[in-house]
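Accompanying notes for the structure given below.
Every heavy atom of this structure was used, including side-chain atoms; hydrogens, water molecules and symmetry mates were not. In the text below, chain A, chain B and the rest are named by the order of the sequence lines, each starting its count at 1. All figures in this text were calculated on a predicted structure; none of them were measured in a lab.
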2 protein chains.
Amino acid sequence: MNLSQNMEDYLKAIFQIGHGESASTSEIAERLSVNPASVTGMLKKLAELKLVEYVSYRGVTLTHAGRKIALEVLRHHRLIETYLAEALGYEWDQVHDEAERLEHHISEEFEDRIAKMLGDPLYDPHGDPIPTKDGRLPPVSRERLADANEGETVTVRRVGSEDSTTLRFLKEHGIRLGAALRITKRDDRTHTITVHVQRTRVDLSNDVCKIIFVERGS
Amino acid sequence: MNLSQNMEDYLKAIFQIGHGESASTSEIAERLSVNPASVTGMLKKLAELKLVEYVSYRGVTLTHAGRKIALEVLRHHRLIETYLAEALGYEWDQVHDEAERLEHHISEEFEDRIAKMLGDPLYDPHGDPIPTKDGRLPPVSRERLADANEGETVTVRRVGSEDSTTLRFLKEHGIRLGAALRITKRDDRTHTITVHVQRTRVDLSNDVCKIIFVERGS
DNA sequence: CCCCACATTTAGGTGTAACTAACTTTTCTT
DNA sequence: AAGAAAAGTTAGTTACACCTAAATGTGGGG
Ligand SMILES: [Mn+2]
Ligand SMILES: [Mn+2]
Ligand SMILES: [Mn+2]
Ligand SMILES: [Mn+2]
């Protein structure tokens, strides 16, 4: 099956929104910066190809075939991000846009070679799991920094953002994968959490804390 | 100026056919595996954008702006080929197809990083010159093995083919960049040239000898 | 249970880039 | 120099993927 770049991005978006549940037209439109009317059109085409199950006004889910493609594209994306960071010295806030384009244009050969060169990594520079060649997703932490208690110490495992300003901010304050954070204060009035990284104090908004996933302990 | 992948490939084709002279509709169609009628349509659009000078029934030449883009795409192509060979262990017969797609999708950032990593190479794995960032082409040999005399010894500098079967054949017989060839026999009846690489004898058709460019001496 | 707000789809249209078939221009052959 | 062959262009379609505006469906509050 040879799909267009656009179709691949739709399948990936449906996978990432839905994660099993069905994705709505407007969520897909939002994520792809496209008009909802365009989404309806594309969903019909994807349903025609048996890549999604689509019920008018009810949203879509991926079929087995659609899910397989979504995972392949996601594997490309995250392997490329990892390669850019490891082999070419990109920062974690620079990798996303490059990977977003390249994911559609590399060959299986390229995929296999960079995977091997990197030692078949399981996580990308943001801690996102890289689907394996046979379509399985390595486990990820779902504990959010936002839910950690005052006094606890946690380890950063994943940052669920593609926004380069946010990523740069975090990096500059020492918040990177593997960093140990001590939660020194939760202010529920200002929705702010104060953490200490090494000896540096950082104030984080609740919004940011919702996209930082951690593991208890250090 | 943001051009489509297709437009970029047209400009590159015109550059490579013409090299100063004008390119004909059918040559472009041939090279891009596209219908001549489609070429006419595209040439009009490119002329509209002032990227080519187009006279109906008379062919096209690149404008300064068009040439600049062609050189940029060519730089991408050849840098990527070089990168694939040097950094990822591709063979010289595997690099072309991958580069043909990727050339349109990498960022300036990516271009700069791989160029730097490779030490700003001047030639790709086939000995083709890599345009510099400011659009200048390193010099190349135009001496064809086909024109070498019996008894001479020459050094392989460039192989002007993208055909992987040809490239694999040459590689397997020790004919690679830098290899020293002694022309031991020219048979003008069978249009065959016999050369010795190291101690191995290889018979080459005249067609192949026309795409092998050499430097006199070893 | 009706109405309204919102989500979604349909209808109609754009731009890109290809195709085939028919026509025109150029070039070659005699 | 005429006529045929080759090269190139025009006309009319197709497919893709987007858009806006108008119409329709859905689910919750009154
Ligand atoms: Mn993408
Ligand atoms: Mn990532
Ligand atoms: Mn190309
Ligand atoms: Mn090359």
Side-chain angles (χ1 to χ4, degrees), chain A residues 1-18 21-62 65-66 69-70 73 100-101 103-105, chain B residues 1-18 21-62 65-66 69-70 73 100-101 103-105:
Chain A
M1 184 126 24
N2 230 356
L3 300 175
S4 69
Q5 164 165 179
N6 294 292
M7 286 176 171
E8 290 182 352
D9 279 335
Y10 274 89
L11 294 174
K12 189 163 61 111
I14 295 166
F15 178 82
Q16 292 188 299
I17 292 165
E21 296 305 296
S22 86
S24 72
T25 300
S26 51
E27 281 172 305
I28 299 168
E30 165 83 60
R31 184 173 274 256
L32 298 178
S33 303
V34 134
N35 193 292
S38 309
V39 175
T40 300
M42 182 60 94
L43 294 184
K44 285 179 177 174
K45 266 184 288 184
L46 292 173
E48 199 63 41
L49 294 168
K50 306 277 190 203
L51 296 172
V52 300
E53 244 153 296
Y54 170 50
V55 184
S56 239
Y57 293 101
R58 285 274 123 90
V60 267
T61 51
L62 295 173
I69 292 167
V73 178
E100 190 61 45
R101 276 173 288 112
E103 63 187 359
H104 310 289
H105 304 289
Chain B
M1 186 129 23
N2 230 354
L3 301 174
S4 69
Q5 163 166 183
N6 294 292
M7 286 176 170
E8 289 182 353
D9 279 335
Y10 273 90
L11 294 173
K12 188 163 61 115
I14 295 166
F15 178 82
Q16 292 189 298
I17 292 164
E21 297 304 297
S22 85
S24 71
T25 299
S26 50
E27 282 172 306
I28 300 168
E30 165 85 59
R31 185 174 273 256
L32 298 177
S33 304
V34 136
N35 193 292
S38 310
V39 175
T40 301
M42 182 60 95
L43 293 183
K44 286 179 176 172
K45 266 183 287 184
L46 292 173
E48 198 63 39
L49 293 169
K50 306 278 190 202
L51 297 172
V52 301
E53 245 152 294
Y54 170 50
V55 185
S56 240
Y57 294 99
R58 284 276 119 94
V60 268
T61 51
L62 295 173
I69 292 166
V73 178
E100 190 61 43
R101 277 172 286 112
E103 63 188 0
H104 310 289
H105 304 290

Span of DNA chain C, from the first to the last nucleotide whose atoms fall under 4.0 Å of chain B heavy atoms | dT16(C) to dT27(C)

Any chance CD of Glu30(B) has more than 12 other-residue heavy atoms, nucleotides or ligands included, within less than 6.0 Å?
-> no

Could you state the CG-C1' distance from Leu43(B) to dA7(D), rounded to the nearest angstrom?
-> 13 Å

According to a strict under-4.0 Å criterion, is Arg58(A) in side-chain N/O contact with OP1 or OP2 of dG27(D)?
-> yes

Kindly say if Ser38(A) contacts the phosphate of dC19(D), meaning a side-chain N or O under 4.0 Å from OP1 or OP2.
-> yes

Any Ile69(A) side-chain heavy atom under 4.5 Å of Phe15(A) side chain = no

OG (Ser4(A)) and CE (Met42(A)) are apart, to the nearest 0.5 Å, by 5.0 Å

Between Lys45(A) and dA17(D), is there a side-chain N or O to OP1/OP2 distance below 4.0 Å?
-> yes

Tell me, do Gln16(B) and Arg31(B) make a side-chain contact under 4.5 Å, heavy atoms counted?
-> yes

Could you grab the distance from atom CD1 of Ile17(B) to atom OG of Ser26(B), nearest 0.5 Å is fine?
-> 8.5 Å

Please figure out whether Ser24(B) or Ser56(A) has its closest DNA chain D nucleotide nearer the 5' end.
-> Ser24(B)

Could you tell me whether the phosphate oxygens of dA7(D), OP1 or OP2, come under 4.0 Å of any side-chain nitrogen or oxygen in Ser26(B)?
-> no

For Asn6(A) and dC18(D), give me the distance from atom CG to atom C1', rounded to whole Å.
-> 9 Å

Which whole-number value in Å describes the distance from Ile28(A) CD1 to dC18(D) C1'?
-> 16 Å

For Thr25(B) and dT9(D), is the shortest distance between a side-chain N/O and OP1 or OP2 below 4.0 Å?
-> yes

Counting heavy atoms from C-beta on, name the nucleotide in dG8(D), dA17(D), dA21(D) closest to the side chain of Ala37(A).
-> dA21(D)

Scan Asn35(A) against the nucleic acid and name what it touches under 4.0 Å (heavy atoms): base, sugar-phosphate only, or nothing.
-> base

When Val73(A), Asn6(A), Leu46(A) are each screened for side-chain contact (heavy atoms from CB on, under 4.5 Å) with Leu11(A), the one that passes is Leu46(A)

Calculate the interatomic distance between Lys44(A) atom NZ and dC16(D) atom P; express it in whole Å.
-> 15 Å

To the nearest Å, how far apart are Tyr57(B) OH and dT10(D) P?
-> 6 Å

Between Tyr54(A) and Met7(B), which has a closest nucleotide on DNA chain C that is more 5'?
-> Tyr54(A)

With side chains defined as the heavy atoms from C-beta onward, is the minimum distance between Glu100(B) and Asp9(B) less than 4.5 Å?
-> yes

Quick one: label Val39(B) by what it contacts on the DNA or RNA (base, sugar-phosphate, nothing), any heavy atom closer than 4.0 Å.
-> nothing

